[in-house]
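Order of the sequence lines sets the chain letters (A, B, ...), proteins ahead of strands, with each chain counted from 1.
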Protein chains: 2
Amino acid sequence: MAEKQHRMTRQRQIILETVKGLKTHPTADEIFGLVRKRLPRISLGTVYRNLDILTEQGIIRKLDTAGQQKRFDGDVSPHYHVKCVKCGKIDDLYFELPQPSSEWSEKTSFQILEYNVELLGICPQCQKGPSHH
Amino acid sequence: MAEKQHRMTRQRQIILETVKGLKTHPTADEIFGLVRKRLPRISLGTVYRNLDILTEQGIIRKLDTAGQQKRFDGDVSPHYHVKCVKCGKIDDLYFELPQPSSEWSEKTSFQILEYNVELLGICPQCQKGPSHH
DNA sequence: CTCCTAATCAGGAATTATTCTTATTCGAGG
DNA sequence: CCTCGAATAAGAATAATTCCTGATTAGGAG
């Protein structure tokens, strides 16, 4: 099972620091924008590659939310998310869900691994005015 | 609230029949492939447009599953889905999952509209061999 | 410290899914 | 039939992400 070696490059380090340093759930290009301030020559491809590597390593989380852009989360503790249907913003939800029950597996031929709950709603900001951005 | 008029064109009719006639959860291009057999000159854009219109009308369902391609479902009765993490195939689940509790909404400042439950698993086919597709 | 090499990088092209544009056609109410 | 807004085919455009290439570098071996 030869695992691939991973070097800690300056780029990867700064991308990691950036994601961990945010309480938001940034998209790849938002991270790109921030990292660029410290590493002006970094490329978007590098950001994507490192976000994927860090996700594989379980150091950050990739939010496979329905919709267009994927978002990333520096908080890998178990929690769920709400997404604003208007602006796409994501908020954390720290509640417990029951474990997948064996009863479920009996009713499907799939081997069930996990389940996610994604709540959809409207964020405080978009509740105020008719979204005019 | 002037609803937009919708004409029943031959294209829309056949797209609808196709989706309703399938027990699978086809992607837009799979539907395109099938509809094409009856309407060789139809364009992919027409398929997309009509799938969206039919979804708006609640006649079919668009599955906003995380991942790359969206899938459609001719069965609009309430049920959930499992997605195979290996091949992306989707299966229906006709059992009850934990209902959203008001407790959840209290923990966020978002106005909750709806919630999705997405189960992830491995389909029978992918359980067998080391996925060599 | 120096060498070596696989891992990584920057830059940009390629891919993929979906939406949009435009000129033309058509469904259905009058 | 006529009319007209809705719908169509074809293909361009967009957006997010992945892939490709030749140059660079981290970090272990010597």
Would you say a side-chain N or O of [X] is under 4.0 Å from OP1 or OP2 of [N]?
X    : N     : answer
B/H6 : D/dA7 : yes
A/Q5 : C/dA7 : no
B/T9 : D/dA6 : no

inquiry  = Below 4.0 angstrom, which residues in residues 21-52 of chain A have at least one non-hydrogen atom near DNA chain D?
reply    =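 A/L44, A/Y48, A/D52, in order of number.
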Ignoring hydrogens and geometry beyond distance, is a side-chain donor-acceptor pair present between [X] and [Y] at under 3.5 Å?
X     : Y      : answer
B/D92 : B/H25  : yes
A/K89 : A/Q125 : yes
B/Y80 : B/D91  : no

[X] has an atom [atom1]; how far is it from atom [atom2] of [N], in whole Å?
X     : N      : atom1 : atom2 : answer
B/Q13 : D/dA7  : CD    : P     : 14 Å
B/R10 : C/dA28 : CZ    : C1'   : 17 Å
A/R7  : C/dT8  : CZ    : P     : 6 Å
A/L54 : C/dA7  : CG    : P     : 17 Å
A/E56 : D/dT18 : CD    : C1'   : 14 Å
A/I53 : C/dC9  : CD1   : C1'   : 11 Å
A/I14 : D/dA26 : CD1   : P     : 12 Å
A/Q69 : C/dA17 : CD    : P     : 18 Å

When the rotation axes relating C1' atoms of four end pairs to the next four are compared across the helix from C/dC1-D/dG30 to C/dG30-D/dC1, five pairs an end, they differ to 10° by 30°
task = Answer yes or no: is there a donor N or O on one side and an acceptor on the other, between the side chain of B/Q127 and the main chain of A/S109, under 3.5 Å?
result =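 Checking the backbone N and O of A/S109 against the side chain of B/Q127, a donor-acceptor pair under 3.5 Å is found.
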| query | Between B/K20 (side chain) and B/G74 (backbone), is there a donor-acceptor pair under 3.5 Å? | reply | yes
key: Residue pairs passing the side chain to side chain donor-acceptor pair (under 3.5 Å) test where at least one lies in residues 32-47 of chain B, sequence neighbours excluded   =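 Of all non-adjacent pairs touching residues 32-47 of chain B, those that pass side chain to side chain donor-acceptor pair (under 3.5 Å) are B/E17-B/R38, B/S43-B/T46, B/T46-B/R49.
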- Query: Heavy-atom count around A/Q57 CD within 6.0 Å, excluding the residue itself: above 12?
  - Reply: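 Yes, enclosed.
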Working to the nearest 0.5 Å, report the span between CD1 of A/I14 and CZ of A/R10.
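Answer rounded to 0.5 Å: 4.0 Å.
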To the nearest 0.5 Å, atom CG of B/L113 lies from atom NZ of A/K86 at 9.0 Å
request  = Give the nucleotide from the list C/dT8, D/dA7, C/dA10 with an atom nearest to the side chain of A/Q11.
outcome  =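 Looking only at side-chain atoms, A/Q11 lies closest to C/dA10.
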